[in-house]
Trainee: 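Would you mind keeping the following structure in view while I ask a few things?
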Amino acid sequence: MSFLFYDPMFTPDIPLDLTSSDLLLLFSRHAIDPSSVSKIGRNTFSLFSSSHPYLLKSSLSIFQLRSIVFALDYFSKINPDSLEVPFVLDSVESSPSNCLVLLTYVSGNPLTCDDYQPIFDFLAHGSSFFSLFELSPFYSDLKLKPEDHFFATMSADILHMISSNPLYQPLLSFFSIGPPDKTPCLIHGDLIFQNILRSSVSSSRFCLIDWEFSGVFYRSFDYAWLLVMSCVYQLCDVHDLVTFSNNCPNERYFILFSYLRLLLRLSQVRHRSEVHALQELRFIRMLSRFLDIYDLPSLAYP
């Protein structure tokens with residue numbers, strides 16, 4: 001069982017070295033003034049060249065960089081009318097843990113409450129953004145395979161958490177077999193409402209941002225994460241999942257995966273504050289309700 005050398009849930013926050021020769025060369029190629037760099041996220045920076053705003057993702061592993069580049073390049077070839085995404089302008093594999101990806105800036109407006117139900121309805125009828133983006137069953141790329149994706153490594157971490165915590169051990173047999181459908185497909189990796197914007201150019205188009213966890217994985221991963229995080233942000237309730245789901249045999253598996261993904265992260269940070277510990281209790285309760293609804297093994301409460 002392999003484990004990442006950094007927290008698999010999040011890219012580490014490593015300060016951007018503005019004196020790095022790789023970074024200065026990247027800036028030079030795109031006429032970017034180093035003084036225009038502004039940090040807008042954990043590892044995301046806004047930049048301005050002589051004419052265009054750009055985004056820079058930093059502190060990536062080489063594999064993460066290649067996953068982002070593959071996903072966005074693949075998506076740009078499909079170019080659906082309803083969805084706008086960033087384009088990869090340049091990338092630098094500078095070291096195993098601090099690679100750089102330069103992206104076009106995509107602008108839009110946050111979704112409103114009125115947008116939630118139409119998007120849920122859109123997804124619930126099998127029209128997930130990524131249902132059209134399955135790769136060939138014979139897909140092969142020496143640099144990028146679904147079983148190598150760091151979400152697969154997260155599966156190993158979750159499996160370890162389940163095995164070592166008596167509360168979760170009843171889930172072991174269901175989780176350990178993996179998703180029923182292992183058809184490789186493009187995933188965004190963090191498909192939540194906060195990462196979907198209504199395009200500022202056209203009200204009929206959406207923008208999808210923050211592709212930090214994108215790459216190749218399996219069907220329904222994004223859809224399940226969207227549903228679970230919608231419960232977390234109280235946009236829907238656990239009991240609503242039955243209405244939204246059952247379009248793919250993977251959905252029960254990845255809804256469970258998504259809950260355990262949250263609990264894995266909270267198990268790593270619960271010591272930081274009482275708020276994290278209370279969040280963990282809340283998500284355990286949500287997970288327990290989900291297991292009952294989907295007739296899955298119950299948690300081993302004492």
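Model, not experiment: these values are computed from the prediction.
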Trainee: Compare every heavy atom of Leu56 with every heavy atom of Leu23, then report the nearest pair and how far apart it is.
Mentor: CD1-CD2, 3.9 Å
Trainee: Show the nearest heavy-atom pair for residues Ile32 and Ser36, with the distance to one decimal.
Mentor: CG2-OG, 4.1 Å
Trainee: Any luck finding a side-chain donor-acceptor pair between Asp22 and Ser20 under 3.5 Å?
Mentor: no
Trainee: Backbone N or O of Ser163 within a donor-acceptor pair of the Gln169 side chain at under 3.5 Å?
Mentor: yes
Trainee: Between atom CG of Leu241 and atom CD of Glu251, what is the distance when rounded to the nearest 0.5 Å?
Mentor: 10.0 Å
Trainee: Are Asp73 and Arg66 ion-paired here, with the side-chain N under 4.0 Å from a carboxylate O?
Mentor: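 Looking at Asp73 and Arg66, the cut-off is not met.
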Trainee: Any donor-acceptor pair under 3.5 Å linking the side chain of Ser28 with the backbone of Leu25?
Mentor: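 No; zero donor-acceptor contacts below 3.5 Å.
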Trainee: Quick one: pull up CD1 in Ile162 and CG in Leu260 and give me the separation to the nearest 0.5 Å.
Mentor: 5.0 Å
Trainee: Provide the full list of salt bridge (charged side-chain N to carboxylate O under 4.0 Å, His left out) pairs with a residue in residues 228-240, sequence neighbours left out, each pair given once.
Mentor: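 Of all non-adjacent pairs touching residues 228-240, those that pass salt bridge (charged side-chain N to carboxylate O under 4.0 Å, His left out) are Asp237-Arg289.
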Trainee: Does Asp222 reach the main-chain N or O of His188 with its side chain, forming a donor-acceptor pair under 3.5 Å?
Mentor: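 Yes.
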Trainee: Per the side-chain contact (heavy atoms from CB on, under 4.5 Å) rule, which among Leu102, Leu55, Leu103 passes with Leu47?
Mentor: Leu102
Trainee: Quick one: name the residues clustered hydrophobically with Phe48, using the 4.5 Å side-chain heavy-atom rule over I, L, V, M, F, W, Y, and just say none if it's on its own.
Mentor: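 None; Phe48 is a cluster of one.
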Trainee: Out of curiosity, Leu171 CG to Tyr259 OH, how far, rounded to the nearest 0.5 Å?
Mentor: 13.0 Å
Trainee: Centre-to-centre under 6.0 Å for Phe193 and Tyr233, is that the case here?
Mentor: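 Ring centres of Tyr233 and Phe193 not closer than 6.0 Å.
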Trainee: Looking only at non-hydrogen atoms, find the nearest pair between Asp181 and Arg219 and report the distance.
Mentor: OD2-NH1, 2.9 Å
Trainee: I'd like to check Val216 versus Ser67 (side-chain heavy atoms, cut-off strictly below 4.5 Å). Are they in contact?
Mentor: no
Trainee: Sequence neighbours excluded, which residues qualify as ring pair (Phe, Tyr, Trp, His ring centres under 6.0 Å) partners of Phe175?
Mentor: Tyr253, Phe257
Trainee: For the residue pair Asp190 and Trp225, establish whether any side-chain heavy-atom pair is separated by less than 4.5 Å.
Mentor: yes
Trainee: Mark yes or no for whether Ser230, through its side chain, and Cys236, through its backbone, hold a donor-acceptor pair below 3.5 Å.
Mentor: no
Trainee: Would Leu256 and Leu287 count as a side-chain contact (heavy atoms from CB on, under 4.5 Å) here? Give the steps.
Mentor: CA-CA 8 Å; Leu256 174 61; Leu287 171 61; 3.7 Å; yes
Trainee: Tell me every residue that passes side chain to side chain contact (heavy atoms under 4.5 Å, CB included) with Tyr301, counting only those two or more places apart in sequence or in another chain.
Mentor: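 Result, side chain to side chain contact (heavy atoms under 4.5 Å, CB included) vs Tyr301: Leu167, Ile284, Ser288, Leu299.
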Trainee: Please report the interatomic distance CG(Asn195) to CG(Asp210), rounded to the nearest 0.5 Å.
Mentor: 4.5 Å
Trainee: Taking Ser214 for the side chain and Trp211 for the main chain, is one N or O donor matched with an acceptor at less than 3.5 Å?
Mentor: yes
Trainee: Can you pull out every salt bridge (charged side-chain N to carboxylate O under 4.0 Å, His left out) where at least one residue sits in residues 103-119? Sequence neighbours excluded, please.
Mentor: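 For residues 103-119: Asp115-Arg198.
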Trainee: Indicate the atoms forming the closest heavy-atom contact of Ser59 with Asn98, along with that distance.
Mentor: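 Looking at all heavy atoms of both residues, the closest pair is N-OD1, 2.9 Å.
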Trainee: Mark yes when over 12 heavy atoms from residues, nucleotides or ligands other than Phe174 sit less than 6.0 Å from its CZ; otherwise mark no.
Mentor: yes
Trainee: Is the centre of the Phe217 ring less than 6.0 Å from the centre of the Phe254 ring?
Mentor: yes
Trainee: Can you list the residues that meet the side-chain hydrogen bond (donor to acceptor under 3.5 Å, both in side chains) rule with Asp90, with sequence neighbours excluded?
Mentor: Arg29, His30
Trainee: Does Val242 belong to the same Ile/Leu/Val/Met/Phe/Trp/Tyr cluster as Leu291, with side-chain heavy atoms less than 4.5 Å apart forming each link?
Mentor: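 Yes; Leu291 is reachable from Val242 via cluster members.
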Trainee: Using 30° and 60° as the class boundaries, would you call the ring planes of Phe70 and Tyr74 parallel, tilted or perpendicular?
Mentor: parallel
Trainee: Between Leu264 and Ser267, is any pair of side-chain heavy atoms under 4.5 Å apart?
Mentor: yes
Trainee: Using the rule given for side-chain contact (heavy atoms from CB on, under 4.5 Å), can you reason through Val238 versus Cys231, listing the C-alpha separation, both sets of side-chain angles and the distance that settles it, and then say yes or no?
Mentor: CA-CA 6 Å; Val238 176; Cys231 292; 4.3 Å; yes
Trainee: Measure the CG-CG distance between Leu263 and Leu266 for me, rounded to the nearest 0.5 Å.
Mentor: 6.5 Å
Trainee: Can you name the closest pair of heavy atoms from Pro297 and Pro170 and give their distance?
Mentor: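 What the structure gives for the nearest pair is CB-O, 3.4 Å.
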Trainee: Should Val106 and Leu72 be regarded as members of a common hydrophobic cluster, given that ILVMFWY residues are connected when their side-chain heavy atoms come within less than 4.5 Å of each other, either directly or indirectly?
Mentor: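 No, because Val106 and Leu72 fall into different hydrophobic clusters, even though each may have its own neighbours under 4.5 Å.
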Trainee: Any chain of hydrophobic side-chain contacts (each under 4.5 Å) joining Phe45 to Val88?
Mentor: no
Trainee: Working to the nearest 0.5 Å, report the span between OG of Ser35 and CZ of Phe27.
Mentor: 9.5 Å
Trainee: Assess whether side-chain contact (heavy atoms from CB on, under 4.5 Å) is satisfied between Asp292 and Ser298, documenting all intermediate values.
Mentor: CA-CA 7 Å; Asp292 289 341; Ser298 299; 3.6 Å; yes
Trainee: Is it the case that one hydrophobic cluster holds both Ile209 and Met229, taking links as side-chain heavy atoms less than 4.5 Å apart, direct or via other members?
Mentor: no
Trainee: Determine whether Phe290 and Val228 satisfy the following criterion, side-chain contact (heavy atoms from CB on, under 4.5 Å), listing intermediate values before the conclusion.
Mentor: CA-CA 10 Å; Phe290 159 72; Val228 168; over 6 Å; no
Trainee: Tell me whether Leu16 shares a hydrophobic cluster with Val101, the cluster being built from Ile, Leu, Val, Met, Phe, Trp, Tyr side chains joined at under 4.5 Å.
Mentor: no
Trainee: Can you name the nearest heavy-atom pair linking Ser107 to Cys207, along with the distance?
Mentor: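 In terms of heavy atoms, the two residues are closest at O-SG, 3.4 Å.
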Trainee: Within a strict 4.5 Å, meaning less than it, do heavy atoms of the Ser176 and Leu159 side chains meet?
Mentor: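 Counting from C-beta outward, Ser176 and Leu159 do come under 4.5 Å.
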